[in-house]
Structure formats: structure tokens, C-alpha cells
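For ligands, and for the atoms within them, numbers begin at 1 and follow the listed sequence. Note that these values count all heavy atoms, side chains included, but never hydrogens, waters or copies made by symmetry.
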Amino acid sequence: MRPLIGIPTRSMVDDYYGVRYVGMGTYTYAVNQAAGAPILIPLDLAEEAERAIYERLDGLLLAGGVDIHPKEFGEEVHPQCGEIDPSRDWTELKLTRWALAKGKPVFGICRGIQTLNVAAGGTLYQHIPAQVENALTHDHKHGAPFNILAHSVELEPGSRVARGLGVTKLEVNSLHHQSVKDVAPGLRVTGRAPDGVIEAVEGTNNHFVAAVQFHPEWLLADDPRMLSLFESFVASAREYHEALALAH
Ligand code: MN
């Protein structure tokens, strides 16, 4: 039985038709490759519909995307804060808080590490070049391929991400201009870039809660360890499903 992995989608305006549509192709591909069953979650649903979908999920994947509105962590908008998607903030923060409260597995990628941290009560740097001294270049998305290795990450030995990848140091891509600032209660830092920027966090209890600032889904073809990271999340979702089934 493949565990059901929910992936909240995003608002997007199509260049030609001016209509909203959904994507998330690389994330669904990665979950499928890792023997999970990905399911996309639309935005702007009735809360009863969100709840009905949430209850059926075995895991929640928080994908990459635009910036979270700083009001969600109690800050004014920095001039260099980027595009925001309030519908997505609303849906993702709610689903994440529900999942954290119940120990449903959560895995965050890029914006997803930020979503996880904000949902749990943490804050973000709104623009690394303006707010982090001597920072490396973390924003490599302008015209470059998404699999360019930008900097190293040092992982805490024994952490979920280190165990998932099977290493404690590796080279990663970097497609972000924001990062975790104050780490939320219930989370801890398990990976950093050489400039100190937080690149991995995880939960402090036994439930699978983990997130990375890099994009493993864009490195699947280059580095087989990246699929192992998705597989460790999907395996936890399967265990969560089986434990619930036993309890009923
Ligand atoms: Mn980075």
C-alpha cells in the first residue's frame, strides 16, 4: 500500500489565459519515484474540504515557491521581500499546524522549510543579502539550471536528513533568497551552509518532521542519495498509516 502524500499547490497566473492552474511536477515525480502516492491539494477550499483531505493523508510535503507574507511571523514587509501567495500561506500553514499537532509526517523543501518554521512559530530572513552578513550567494535561480551545486551543507550526524541522505556533508543546489531566522519551538537546526545559513531543521520529538532549504527533487538524476531522502519520508508516512490502521 502506497502512503498518500498531500502536496498543497500554488496560485499562478498563466501568461496566455490569465487563469489559475496548478503544477508541482518535480515534487509529484519525486514522491512517485520514492514509492509514495502524491496527491495535489487545491487552494481556497472550504475548511471542511481541507479537513477531509487532510484526514486521509499519511504525510504532508511542503514544496518550494514564493515568499511567505511576513505578517505570518509578525514582521513588516522588507523592501526586498519577494512575491507572495496569501492563498497558499493560508492553506499550508493550517495543514502544517494540523499535522504537527497529530504527529503526521511533514517534509519541507525550500519554501517548505520556511513554511514549517513559520507554522511552528519561528521567523525568517526576508532577504539574505540584506540581512545576513558575509552570506554566500544562495539565489542561483536567475537563468541557471536548477541542479547547479552552489555550496556545501554540514549536517548533524544522526539527524533525520543525515540518515536519509547517508552523509553528513554534501554539495547542494541553492535557489532561495530567504531562510530560517529564529527557529520555532519544537524544531532544531540540523544543517547549515558554511556562512551559517540554516539549510536543515527537524522536529525535536519522535515524529517525522524534517525540512531542507535546498532542492533534492532537482538533483534526483545527479545524486541517488536525494531519492533516499524522499524514501525516508515516504517510509515514515507508511508507518504512520499502518499505526493508525492498527489503532482502529
Ligand atoms: Mn542555500
Non-hydrogen side-chain atoms of S174 and F214 separated by less than 4.5 Å: no
P8 versus T91, closest heavy-atom pair with distance: CB-CG2, 4.5 Å
Close side-chain approach of R238 and M1, heavy atoms under 4.5 Å: no
Centroid separation F107 to F230 less than 6.0 Å: yes
E217 and H215 side chains, donor-acceptor separation under 3.5 Å: yes
Listed protein N/O/S atoms, distance to the Mn ion (ligand 1) under 2.8 Å: H138 ND1, H151 NE2, S174 OG, H176 NE2, E199 OE2
Spacing of D222 atom CG and L149 atom CG [to the nearest 0.5 Å]: 7.0 Å
